[in-house]
Amino acid sequence: MKKREVSRTLLLLTLAGSIGATSLSSCSSQESGEADTETTTASNDQAKMEIKKEAFGKTKEGEETTLYTLTNANGMQLKVTDYGATITSVLTPDKNGKLGDVALGFDSMDGYQSDAYLKSGPYFGSAIGRYGNRIAKGRFTLNGQEYKLAQNNGENHLHGGTKGFDKVIWQAEPLADQNALRLTYVSPDGEEGYPGKLTTTVTYTLTDDNEIKIDYTATTDKATPVNLTNHSYFNLAAGEANDALDHVLTINADKYTVVDGSLIPTGEQRAVKGTVMDFNTPTAIGARVKDVEGGGYDHNYVLSNSDGTLKQAATVYEPTSGRMMEVLTTEPGIQFYSGNFLDGTIEGRGGKTYSKHYGFALETQHFPDSPNQKDFPSTILEPGQTYKSSTVYKFSVKENAQ
Ligand code: BGC
């Protein structure tokens, strides 16, 4: 048997719960005679994982990109490309055990490079940095010096600028024994206007509890704002519905940060009680979406039980499929974005048109525009410190789903 076949066979044995051996193997296309794929496998008495690696296509500048597929013991799959450390696909089971893709995305680089995608800039599944969300007028002052950032959202700065962390190629390292992929990006001093050389890692782990765990670290050589997040859009109906408005959402937040017409916080943290912003009790996204100013939800919620450790921030339930998603985070805030700017110009996976509210994002984060808001928790990373942040998206099926 070829090495590749051996590792596949071992994986299947593991999935059936019958392994005992310890092994670590890696097999490339040259060895197997197959095109452009490679696997890294690790096993021990408890678990056995395989990370598949394949070509994903070229960027417009001609750089090669790679796609990594992580699979867990339940058959759940997570696909991540080194382009933008982007989650392209999340396969999870529904109430009948049928796998479906719950993440908006594309099966090759072509989708991420299409004119429609680049024009509307939805950031499907990408790592966002150096600063997730908006910085007013692309300016802030730090240690007496004013910094000017790219203004890529009207006069404001959004999601790290014109070429943020979502549009660069990260150095990827499969960690097969942890069923994880670690990606590293070194952002040079002055990139998009930010001070300091920032070294960032994002590690995606797929656990056998059907969790996607995202761990971020960053270090810098000059003080700089840092606010990293992931911009996955979900639709738990996995292609069986044309919008996400029936999803039932809970957000554990008593307050949100009020914004002006350009979505910049005014500084006020307002109570959600008695308003369309209140998701403390499970409520369909679509129940009040039309009453929200600005065409839908696009707001940062102040998480009530945040204390810097992993705490439950939100849950989402899709009644038809029975799928549930829980979001846990160490961050103090979460941006709930109901896909208001999806305008039907993007054709997604399976020929689906991604129109308004097709998917929603729950972006864990510090609050928008913190570098200009004295009463918000600080986002400044100093030399010698290590930025750390973790978020978990946990998938399950609700008991008693009809
Ligand atoms: C922002 C939206 C923006 C979207 C896509 C979200 O995080 O809050 O205003 O349109 O990202 O760029």
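When a ligand or atom number is given, it counts from 1 through the structure's own listing order. One-based numbering along the sequence shown.
In this structure, Asp243 has no salt bridge (charged side-chain N to carboxylate O under 4.0 Å, His left out) partners at least two apart in sequence or on a different chain. In this view, Ser262 and Asn156, Asp260 satisfy the side-chain hydrogen bond (donor to acceptor under 3.5 Å, both in side chains) rule, not counting sequence neighbours.
For ligand 1, the polar-atom distance check finds an N/O of Gly121 within less than 3.5 Å of one of the ligand's N/O atoms. Annotation: His159 places an N or O atom under 3.5 Å from an N or O atom of ligand 1; distance criterion only. Between Tyr233 and ligand 1, no pair of N/O atoms sits closer than 3.5 Å.
Interface atoms of ligand 1 facing Phe341, defined by a heavy-atom separation under 4.0 Å, are 9 (O), 10 (O). The Tyr123 neighbourhood of ligand 1 comprises atoms 5 (C), 12 (O), with distances under 4.0 Å to a heavy atom of that residue. Atoms of ligand 1 found under 4.0 Å from any heavy atom of Arg134 (numbered from 1 in listed order, with element): 1 (C), 2 (C), 8 (O), 9 (O).
Checked against the 6.0 Å centroid criterion, the rings of Tyr387 and Tyr216 do not qualify as a close aromatic pair. Ring centers of Tyr194 and His157: under 6.0 Å apart, within the cut-off.
Of all the heavy atoms of Phe336, none lies under 4.0 Å from any atom of ligand 1, so neither backbone nor side chain is involved.
The number of heavy atoms from other shown groups lying within 6.0 Å of CG (Asp291) is above 12.
Of all the listed residues (Asp166, Asn152, Ile128, Asp298), Asp298 holds the heavy atom that lies closest to atom 8 (O) of ligand 1.
At the top of the distance list for atom 7 (O) of ligand 1, counting protein heavy atoms only, stands Glu363 OE1, 2.6 Å. For atom 11 (O) of ligand 1, the closest heavy atom belonging to the protein is His231 NE2, 2.8 Å.
Cation-pi contact between Lys398 and Tyr317: present, with separation from the ring centre below 6.0 Å and deviation from the ring axis of at most 45°.
In this pair, Phe234 and Phe360 present their aromatic rings tilted. The plane angle is within the 30 to 60° band.
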